[in-house]
Amino acid sequence: MHSSARQCRGLTALVAVVAALLGTGPAQADPLAGAHYELGRGLQLPAMNLIFSGYSALRASHVEGQDARLDLRDFSLFTIWQPSPRWQAFSEIEIENLFVVDGRGLNASDIEIAVERLYLDYAVKDTLTLRAGRYLTPFGRWNQVHADPLVWTVSRPLVTQLAIPDHGTGAALMGTLNLGADSLDYTLYADDSVDFDPVNGDADFEDFNAAGLSNDFRRAGGAQLRYHFFGERAELAASYASYEFTGIAGHLQAAGLDGLLRWHRLELSGEFAWRDNGRRFEHNDWGGFTQAVVRLVGQLHGIGRLEHYRSGILEREASRATLGLSWRPLPPLNFKLEYSASTARQLAPDGVQMSFSMLF
Amino acid sequence: MRIALHSLCVGLLLVVLQAHARADDGLAVIVPPGHVLTTLDAPTLAAIFRRKLRVTADGQALVPVNLRLTNPLRTAFSLTVFGLEPAAMETYWNERYFHGVQPPPVVSSAEAMLRFVAATDGAIGYVPACRVDPRVRQLMTLPLPAGFSFGCDTPERP
């Protein structure tokens, strides 16, 4: 079967399910009844079970080897629709590079629109939800909360970008098991991006250009277990994935560990991953980061992070240290400033970055 | 004169004891009378208010309801159930929001809580135990953290 025909079949099935659900809802006399907006919680239309929300990030950077630049890098729109207690549809449409100002002046011609997430959830029971569509890869923690207003630094640790593609398209089983005061989240997923992702093979890495390497699964399967304890102020997780990269022959396997502890003014976190690149490559990938965040005064936080990553596929290795500040005057707002120094400019250039981001 | 003074002292003591008894009643977790839940333990309550448990096994939506962030009753509930001030939960809610999960809706007073819970299928909220009335069913009682008291004679501060 031709690839585009298979892609159409997958998308058509998803649209058909959504359309069928739309048809089951009761007709509303006033679809705007009860509508209200709250910063950081979106526009809520309870009569239609709809929520529109999102986030955006304005970034400025002056890093080694590149022009100083200012860009509206992320403008993501979420649509959440819950027609019944068991069903929920979610989409995140990202408008990238709305504008860039650098040494060549203002550029607003590189606008790209990307479907970051598009999935349908069905809650079979209180401990089991089925998901179909495009989702964030459940590997590590950072990738699943990577939005600029939610993370402490402008730059993204290398291990969260290089160990595994950040999106998958397919199906997943997930849920939470309550174990007394603790809880265990589980996710099992199967990806078939090559058949169901219409733009498979086009994804870039977030912070650098790895020529010839696409940040996409071809096919994948994996699992994650995340244990929450200490009153949900601490978590430990293990992730595993077996997959094929688009554009690279051969099978890869990756395993990861991550952890988080929040205690009074302090937050400690870290992620570590190892990847078996198979026989085609001389070296495997491995790396990780540790990060400490301290609330200094009010909502001003100081951040320190150390990281290391060795990429066997790219044949590059980098260590990087990052020091930064983050000010969150309101929970949906985040002002960040940081300086990074590294041992490898290609993977992680030295320099200053800042951003202002908000959930809206 | 001595009898009058004695009566005054006894009267004051009763007032103090009554107020103390009411304060000790704790926080009542309330649901509509026909709610599918008949019992509840503290971890399940926490999971519902974290919106990790959003639907019952038979498909009933669970709708936790909160008071405003600045309401002392919300603070007492949050400290008892999560061991955290309500503001300390904001990071958690921002992350859940990123995944399409909204925090519980908010009402402005204990009376508004009673009305919302009584009128909403699957709702689950909390009021001072002494404010529970026949519009709702009390599912469990939580102890108040040290330093908190909510007598029925205390005027509501939304």
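Every chain is numbered from 1 and lettered A, B, ... according to where its sequence line falls, protein lines coming before strand lines.
- Among the candidates A/Q44, A/Q144, A/E92, the residue making the largest number of heavy-atom pairs closer than 4.5 Å to chain B is A/Q144.
- Residues of residues 33-55 of chain B placed with any heavy atom under 4.5 Å of a heavy atom in chain A are listed by number as B/P43, B/A47, B/R50, B/K52, B/L53, B/R54, B/V55.
- Below 4.5 Å, heavy atoms of chain B meet no heavy atom from residues 292-302 of chain A.
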- Task: Test A/W327 against A/L333 for side chain to side chain contact (heavy atoms under 4.5 Å, CB included), laying out the working first.
- Result: CA-CA 8 Å; A/W327 180 48; A/L333 307 181; over 6 Å; no
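- Using a 3.5 Å distance cut-off with no hydrogens or angles, the side chains of A/S269 and A/D258 do not pair a donor with an acceptor.
- Nearest heavy atom pair, residue A/E116 against residue A/R134, reads O-NE, 3.6 Å.
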- Task: Evaluate side chain to side chain contact (heavy atoms under 4.5 Å, CB included) for B/V136 paired with B/M113, printing each intermediate quantity in order.
- Result: CA-CA 10 Å; B/V136 297; B/M113 177 76 81; over 6 Å; no
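- Annotation: side chain of A/L58 is not in contact with side chain of A/M358 (no heavy-atom distance under 4.5 Å).
- In terms of heavy-atom pairs under 4.5 angstrom with chain B, the leader among A/Q82, A/E232, A/R328, A/R233 is A/E232.
- At a threshold of 4.5 Å between non-hydrogen side-chain atoms, the residues A/D191 and A/T137 do not count as touching.
- Of the two parts of A/L128, neither the backbone nor the side chain holds a non-hydrogen atom closer than 4.5 Å to a non-hydrogen atom of chain B.
- Interface residue A/A147: backbone and side-chain heavy atoms are both found under 4.5 Å from chain B.
- A/H228 touches chain B through its side chain: at least one heavy atom from C-beta onward sits under 4.5 Å away, while N, CA, C and O do not.
- With a 4.5 Å cut-off on side-chain heavy atoms, A/R131 and A/Y189 do not count as touching.
- By a heavy-atom distance cut of under 4.5 Å, B/Y97, B/F98, B/H99, B/G100, B/Q102, B/P103 are the residues of residues 96-107 of chain B near chain A, going up by number.
- In this structure, the side chains of A/T160 and A/H146 stay at 4.5 Å or more apart for every pair of heavy atoms.
- Contact between B/V132 and B/Q138 at its shortest, heavy atoms only, is CG2-OE1, 3.5 Å.
- A heavy-atom distance below 4.5 Å is found between the side chains of A/L120 and A/W87.
- For the pair A/L173/A/L130, a side-chain contact is recorded, criterion being any heavy-atom separation below 4.5 Å from C-beta on.
- Taking 4.5 Å as the limit, some side-chain heavy atom of A/E271 sits within range of a side-chain heavy atom of A/F289.
- At a heavy-atom cut-off of under 4.5 Å, chain A is reached by B/F82, B/G83, B/L84 from residues 75-85 of chain B, listed in order of number.
- The backbone N or O of A/P331 sits less than 3.5 Å from a side-chain atom of B/N94, completing a donor-acceptor pair.
- With a threshold of 4.5 angstrom between heavy atoms, A/T79 does not approach chain B through any atom at all.
- Ion pairing between a basic and an acidic side chain is recognised when a charged N comes within 4.0 Å of a carboxylate O; A/R262 and B/E95 show such pairing.
- At a cut-off of 3.5 Å, with distance as the only test, a side-chain donor of A/T153 or A/R305 sits close to an acceptor on the other residue.
- The candidate with the highest count of non-hydrogen atom pairs below 4.5 Å against chain B, out of A/T176, A/N178, A/D126, is A/D126.
- Using a 4.5 Å cut-off between heavy atoms, A/D185 contacts chain B through its side chain alone, with no backbone atom that close.
- Applying ring-ring contact (aromatic ring centres under 6.0 Å, His included) to A/F360 and the options A/Y37, A/F75, A/F52 leaves one that passes, A/F75.
- Side-chain contact between B/V117 and B/P32: present, with at least one pair of heavy atoms (C-beta onward) separated by less than 4.5 Å.
- Nearest heavy-atom pair across B/L69 and B/A87 is CD1-N, 4.3 Å.
- For chain B, the nearby part of A/L136 is the side chain; its heavy atoms alone come within less than 4.5 Å.
- For a residue to count as touching a neighbouring chain, one of its non-hydrogen atoms must lie under 4.5 Å from one of that chain's; by this rule A/Y55 touches chain B with the side chain only.
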- Task: Decide yes or no on side chain to side chain contact (heavy atoms under 4.5 Å, CB included) for B/N66 and B/Y126, but give the supporting numbers first.
- Result: CA-CA 8 Å; B/N66 257 329; B/Y126 51 87; 2.7 Å; yes
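- Using a 4.0 Å cut-off between charged nitrogen and carboxylate oxygen, A/R141 and A/E235 count as a salt-bridge pair.
- Atom CG of A/L39 sits about 11.5 Å away from atom OG of A/S53, to the nearest 0.5 Å.
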